[in-house]
Amino acid sequence: MATKPREQWGSRYGFLIAAIGSAIGLGNIWRFPAEAYRNGGGAFVLPYLIALVSAGLPLLILEYTIGRRYRKSAPAAYRAMAKPAQFIGWWQVAICFVIATYYAVILAWAVRFIGFSFGEKWGDDPDGFLFDTFLQRADTPGSFGGFVSGVFWPLLVVWVITLVILALGVRRGIEMANKIFMPMLVVFFLILVVRALTLDGAVEGLNAFFTPDWDALTDGDVWVAAYGQIFFSLSVGFGIMITYASYLRSRSDLSGSAMVAGLSNCSFELLAGIGVFSTLGFMAQASGLRIEELVSDGVGLAFVAFPTIISQMPAGAFFGFLFFTSLVIAGLTSLISIVQVIIAAVEDRTGWGRGRTVAIVGGATALASLLVYPREGGLYFLDIADRFINRYGIALAGLVVLITVGWILRRLKQQQEEADATSAIQLGRWWRFCLGVITPIVLAVFLVDSVRQELNENYEGYSDGFVLAAGWGVAGGALLFGILVSLIPWRREPEPPPVSVADVEKNERSGS
């Protein structure tokens, strides 16, 4: 039976808009502003940009080259590189499965809060409304409790939309969705930022955000935080960009595409910082509190601080609509890319068609999400899974990739030639030095420091049993899954990857 040709992006713009959509997610809006403020304010921009150039962009280019060279999903691409290395790809598939199951839940919250903004349903106590009324949070971590219908139904809608887009394919589904959603996100967020800048107290918020603390540059933790932010915000380390790049045409510009995607992502993060801190400045003036007392990230910023602000500002309902709709759009484009990693891997492994794979594998992912998280104890499972799968899944997998590709297989020069063969921006030795030395060292320091913190004190004071089962158990289970699946023989050997442009040009130069 003839092998079905691999799908391709309709254009370079289609690929770029999808890659940018994957990178711009919830973390850009609710993580970067707080990280910058806590780590030197305006001075944080310097280590942040250095981290972008020395780690973020090189990693992005590496994943692009692996994806385009082998034209396969992450597990199949690593297997084509060296059979034992395929466990990394399956490990990344498991990481994406875990992230997808809880990431969709946060989108479901944002969907509900769009409606809550009209009429300010959270009343005078947004904190109590979120945790007690809406999420119906259990008193004790570790028990599932009953289902929370207010979370379950919007979560089901999020999954239906996601799976329908994925079922339509790379070009008609993922590319088309991003062409619609990303311009919407930019327009909505620009309106939100302009509105925030006109609020009383906005200047105070911006001063707090941008005033540099140059002494912070001598603090090693600040530099680790900058590298951590870049690493997590660019969607590198868990197979997304390998998967997306596998649908590229053979002559696509890789280095230039990485520059555009990376700089677009960072520009949006700075825009988010301006919007968030302008709004916090208004809240500080209205409440009489200091900026530092209001700064938070994650759930606290999006679903507690912002509802409080919406209640205090003129035309708050419109502001709330823009903010929570932006969260939904940014999160949805990222969720699609995360689930696509799983879909592509199973397609390559089984030979199933897209519709069947989305129905079975995507449906199973959605089912796991719907069974675990829209419950009274779901917030605790979400919180600890996010903590451990990010730190000991994505970061550790990224370190293993660099050690395997750069140190063990010594393929960095080959991957550099792959990028240089079709890219306007040529990579120099600096690229190999960054991936072979700088980034592994920074990731190792980050991981050692994280483990030290975990051993000193349980995260959020959770019990030993809960941390072991839902934290270390989830992170370790993803790695174990990757190893075990890689040991199962392939029922059918995958097609060999097409000859790369770099190899063709090398053969032509040698006269072969």
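Note that the coordinates shown come from a computational prediction; the quantities given were computed from them, not determined experimentally. Heads up: numbering here begins at 1 and tracks the sequence. Just so you know, these numbers use all the heavy atoms, side chains as well, and skip hydrogens, waters and symmetry mates.
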- Query: Do Y392 and E454 pass the side-chain hydrogen bond (donor to acceptor under 3.5 Å, both in side chains) test, and can you show the C-alpha distance, the side-chain angles, and the key distance before you say yes or no?
  - Reply: CA-CA 11 Å; Y392 312 110; E454 305 298 349; 3.2 Å; yes

- Determine, stepwise, if the pair F381 / F144 fulfils ring pair (Phe, Tyr, Trp, His ring centres under 6.0 Å). CA-CA 9 Å; F381 287 97; F144 286 104; 4.6 Å; yes

- Task: Determine, step by step, whether I240 and Q340 satisfy the side chain to side chain contact (heavy atoms under 4.5 Å, CB included) criterion, reporting the C-alpha distance in whole Å, the side-chain angles of both residues, the deciding distance to 0.1 Å, and the verdict.
- Result: CA-CA 8 Å; I240 292 175; Q340 175 59 24; over 6 Å; no

- Please check if any side-chain donor atom of D383 sits under 3.5 Å from a side-chain acceptor atom of Y102, or the reverse.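 Side chains of D383 and Y102: no pair found under 3.5 Å.
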
- Is there a donor in the side chain of Y227 and an acceptor in the side chain of S54, or the other way round, less than 3.5 Å apart?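 Side-chain D/A pair, Y227 to S54: present.
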
- Quick one: do F97 and F481 satisfy ring pair (Phe, Tyr, Trp, His ring centres under 6.0 Å)? Show the steps, please. CA-CA 11 Å; F97 174 84; F481 173 87; 8.3 Å; no

- Look at the rings of F116 and F134 and say which category their plane angle falls in: under 30° parallel, 30 to 60° tilted, over 60° perpendicular.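 F116 and F134: perpendicular rings.
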
- Would you say the side chain of R375 lies within less than 4.5 Å of the side chain of V148, judging by non-hydrogen atoms?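 No, every pair of side-chain atoms sits at 4.5 Å or beyond.
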
- Query: Does D132 reach the side chain of D127, with side-chain heavy atoms less than 4.5 Å apart?
  - Reply: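 D132 vs D127: side chains apart.
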
- Query: Centres of the F189 and F268 rings: under 6.0 Å?
  - Reply: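 Yes, the ring centres sit under 6.0 Å apart.
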
- Query: Can the ring centres of F388 and W472 be said to be less than 6.0 Å apart?
  - Reply: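 Yes - the distance between ring centres of F388 and W472 falls below the 6.0 Å cut-off.
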
Salt bridge flag under 4.0 Å for residues [X] and [Y]:
X	Y	answer
R137	E376	no
R6	D348	yes
E347	R354	yes

- Message: F113 vs F303, test: ring pair (Phe, Tyr, Trp, His ring centres under 6.0 Å). Steps then yes/no.
- Response: CA-CA 8 Å; F113 268 73; F303 298 103; 5.1 Å; yes

- Query: Should the pair R349 and W490 be classed as cation-pi, given the thresholds of under 6.0 Å to the six-membered ring centre and 45° from the axis?
  - Reply: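 Yes.
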
- Message: Can you confirm if the NZ or CZ of R112 lies within 45° of the ring axis of W109 and under 6.0 Å from the centre of its six-membered ring?
- Response: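 Because its charged atom misses either the 6.0 Å distance or the 45° angle limit, R112 does not stack over W109.
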
- Verify the neighbour count for atom CG of N456: are there more than 12 heavy atoms of other residues, nucleotides or ligands below 6.0 Å?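 Check passes, neighbour count above 12.
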
- Given F209 and Y37, is the ring pair (Phe, Tyr, Trp, His ring centres under 6.0 Å) satisfied, shown in steps? CA-CA 6 Å; F209 181 55; Y37 177 77; 8.2 Å; no

